[in-house]
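Worksheet for the structure shown next.
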Amino acid sequence: MKATLVSNLTQAWQTLHQQGLLPDPNPDRIEVVSTKDPRHGDYACNLALVLAREANLNARDLAEQIIQNLPENSDLLSTEVAGPGFINFQLRPEAKAEIVDQVLSQATNYGTRPPGSEQRILIEYVSANPTGPLHVGHGRGAALGSCLARILEAAGHTVECEYFINDAGRQMDILAISVWLRYLELCGEPVVFPEAGYQGDYILDIAADCHRTRGDVWRASFENIRAGAPDDGPDEDGHNMYLDFLILRARDFLDETVWTELASVAVDTLLERIRRDLDHFGASFDYWQSERKLLDDRKVEQTIAQLREAGHLYELEGALWFRSSEFGDEKDRVVQRSNGQWTYFATDIAYHADKMARGYGTAINIWGADHHGYAGRVRAALQALGIDPERLEILLVQFASLYRGKQKISMSTRSGEFVTLQSLQHEVGQDAARFFYVMRKSDQHLDFDLQLATEQSVDNPVYYVQYAHARICSILERAKDEDINIPEDPCDLSPLTDEGERALQKQLSRYPDAVLRSAREREPHHLTVYLRKLAQEFHAYYNAVAVLVDELPVCQARLRLIMAVRQTLGNGLNLLNIDAPESM
RNA sequence: GCGCCCGUAGCUCAGUGGAUUAGAGCAUCGGUCUUCUAAACCGAGGGUCGCAGGUUCGAGUCCUGCCGGGCGCGCCA
């Protein structure tokens, strides 16, 4: 309907253009919106207001001229100028009711565009370091990424999802030493466990596994390892010095293959758990890219060599720097440390270059807000490599602060203090957790109150939407029991005259816009807002009007209407990967 | 200090430059189950949209400055 109106308006514009009143028509400038206030008709257009200035005409007069040159449209009841110069369109009731048949005939495809009609997109999300289980802080990215993937697919994109595994660098050494020291404890060694090591119980589990399967083969004397070590403390620097000392000595004592095995056993165990948690959470991935592999395949060397050949690198104080400030970054960045090791940034350049070379129109990264300072340098690197940095979109997700009532829970992987994603799911359920995460704009800070989410889960908005769906299913079930003929094909919808029925039809017609907007803005929360509104209108209608009435034509028209509502609720919930239950 | 994000009802938040009256939920108060699921509905109260300018026919929305909060500013990842 909207498209028809835009085309009508374009025609009128063309006519006025030929009369010399207006510039060349441009359909992109024509905005037709579904109105909020029924007094403004069903659709409104601000074209006259937008063009009045350059046409040097009074906006109301111009609106009048546009209306006079609009082609016939049998769906319209009236077209009039309103307010400062809006053109308001009022639809005939039959035209409004068409939406019901449209929803039902398109069924699961309602609100979607043909698959593959838009760009290919890669979404990289979560990518949590494999040094501990996922916690509720990761949940937001997981929910956003997986919902966005579905929404973009519905909007016609071809979407693939990826998890980048940071299985290299110092954190792997910390992981290995943490596991090994716990292992030594199990062997009976008097270990002084470093403050800066990973403290979580999951390390104990991994160590216990190693001890069970390998016995004491990796045992060494902790006294010898520790000999000459500084004290563990008193501040972060001190903690790190003690930790680094232990790592260094451990690598002397242990065979390199043992050290590698320690790390890889830990990473494998943790990754397996991460995969399982994500899978249960409804987040799936097509690719798991390993940083380690990127290094082993010499991708980092190759990419940095490319930068060097292009003249974007220089040496300073023994380190290799990338001149990122020439590409809009705040300052230049080190890519290779004076000790010869690549920085994380270097591997990330290689990773992103590789990603962009894989043929996606757009790559979307979902990052925690604490990484925002990082976006500039990655874009700078892409640009230096001749890749359009606009093709990389970085979505920053603000933190979710976790509360238990008024008590804020601070979390850190190091200290092992965190609430796992798994326990969150266990406490509040997958559906509620996902909905809760995406119902807020992602650049908005989120307060996640566990107490509220658990104790008052009944008030959680997800149940409100699901309940509307279940109620409709229940009515249809009842209709079946009472042998009422449920119309599978279009029937006369003229009995739909109630205010609530008109509101529902209008809301149904807005669904495709809600999906497209969520896709375009990369914001699933528009969809949650839409679904709450549709559910609200249904609940109000349910309380005001009985569907199963004696008069068959009325009953059937209403059944068709609520079936369309059920379909739309189901489609929307499906995009959020949330269950649409038939009963509750 | 510099950079990014945010500031809307008591609380948590929607709000696509658009329409005399800025909307939800929670909380508070008052109603609605003999009738398709009360996990629901109806109603009431509650606002200088942080402050001050500017752009515009029109600003919660865009621009500038200020105030307040969060995050970041490493040869860590």
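So that the names make sense, note that chain A is the first sequence line, chain B the second, and so on, each numbered from 1.
Contacts of A:Thr35 with the nucleic acid, taken as non-hydrogen atoms under 4.0 Å apart, are absent. Across all strands shown, A:Asp173 has no heavy atoms under 4.0 Å from either base or sugar-phosphate atoms. Nucleic acid contact for A:Ala375: none, since no nucleic acid atom lies under 4.0 Å from a heavy atom of the residue.
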Protein-nucleotides 75-77 of chain B N/O pairs closer than 3.5 Å?
| from | atom 1 | to | atom 2 | distance (Å) |
| --- | --- | --- | --- | --- |
| B:C75 | O2 | A:Ser338 | N | 2.9 |
| B:C75 | O2 | A:Ser338 | OG | 2.9 |
| B:C75 | N3 | A:Ser338 | OG | 3.1 |
| B:C75 | N4 | A:Glu317 | O | 2.9 |
| B:C76 | OP2 | A:Arg337 | NH1 | 3.2 |
| B:A77 | OP1 | A:Arg337 | NH1 | 3.0 |
| B:A77 | OP1 | A:Arg337 | NH2 | 3.0 |
| B:A77 | OP2 | A:Arg337 | NH1 | 3.3 |
| B:A77 | OP2 | A:Tyr344 | N | 3.1 |
| B:A77 | O3' | A:Ala168 | O | 3.3 |
| B:A77 | O3' | A:Gln171 | NE2 | 3.3 |
| B:A77 | O2' | A:Asn129 | ND2 | 3.4 |
| B:A77 | O2' | A:Gln171 | OE1 | 3.1 |
| B:A77 | O2' | A:Gln171 | NE2 | 2.9 |

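Taking the charged nitrogens against the carboxylate oxygens, A:Glu64 and A:Arg60 have no contact shorter than 4.0 Å, which rules out a salt bridge.
Annotated as syn: B:C33, whose glycosidic dihedral is within 90° of 0.
Taking atom CZ of A:Phe538 as the reference point, atom P of B:C42 lies 13 Å away to the nearest angstrom. The distance between atom CD of A:Glu31 and atom P of B:G58, rounded to the nearest whole Å, is 18 Å. Here B:A14 presents its C1' atom at 15 Å from CZ of A:Phe436, a figure rounded to the nearest Å. Taking atom CG of A:Leu47 as the reference point, atom P of B:G18 lies 15 Å away to the nearest angstrom. In this structure, the CG atom of A:Asp348 is 16 Å from the C1' atom of B:G74, given to the nearest Å.
The salt bridge (Lys or Arg N to Asp or Glu O under 4.0 Å) analysis of residues 542-566 of chain A, with sequence neighbours excluded, yields the pairs A:Asp101-A:Arg560, A:Glu501-A:Arg558.
Between A:His539 and B:A39, a side-chain N or O to OP1/OP2 separation shorter than 4.0 Å is absent. Within the structure, a side-chain polar atom (N or O) of A:Tyr464 is placed less than 4.0 Å from OP1 or OP2 of B:C41.
Across B:C41, B:A19, B:A39, the shortest atom-to-atom separation from the side chain of A:Ala540 is found for B:C41. Among the nucleotides B:A39, B:A19, B:C71, the one closest to the side chain of A:Asp370 is B:C71.
Judged by a 6.0 Å distance limit and a 45° cone about the ring axis, A:Arg471 is positioned over the six-membered ring of A:Tyr542.
Aromatic ring pairs are classed by plane angle as parallel below 30°, tilted from 30° to 60° and perpendicular above 60°; the pair A:Tyr351 and A:Phe164 is parallel. Using the six-membered ring where Trp is involved, A:Phe322 and A:His312 have ring planes that are perpendicular, over 60° apart on the 30 and 60° scheme.
Taking the P atoms as reference points, B:A39 lies 23 Å from B:A24, given to the whole Å.
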* Asked: Base, backbone or nothing for each nucleotide of nucleotides 3-11 of chain B, written B, S, -, heavy atoms under 4.0 angstrom, 5' to 3'?
  -> BBSS-----
* Structure fact -> 5' to 3', nucleotides 31-36 of chain B under a 4.0 Å protein heavy-atom cut-off (B base, S sugar-phosphate only, - none) gives -----B
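A donor and an acceptor atom never sit less than 3.5 Å apart when one is taken from the side chain of A:Asn46 and the other from the base of B:A19.
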In a table with atom names and distances, give each donor-acceptor pair under 3.5 Å that connects a side chain of residues 365-372 of chain A to protein atoms at least two apart or in another chain.
| from | atom 1 | to | atom 2 | distance (Å) |
| --- | --- | --- | --- | --- |
| A:Asn365 | OD1 | A:Lys355 | NZ | 2.8 |
| A:Asn365 | ND2 | A:His352 | NE2 | 2.8 |

* Taking Watson-Crick and G-U wobble pairs with both distances under 3.5 Å, convert RNA chain B into its dot-bracket string, 5' to 3', dots for unpaired and | for cross-strand pairs. => (((((((..((((....[....)))).(((((.......))))).....(((((..]....))))))))))))....
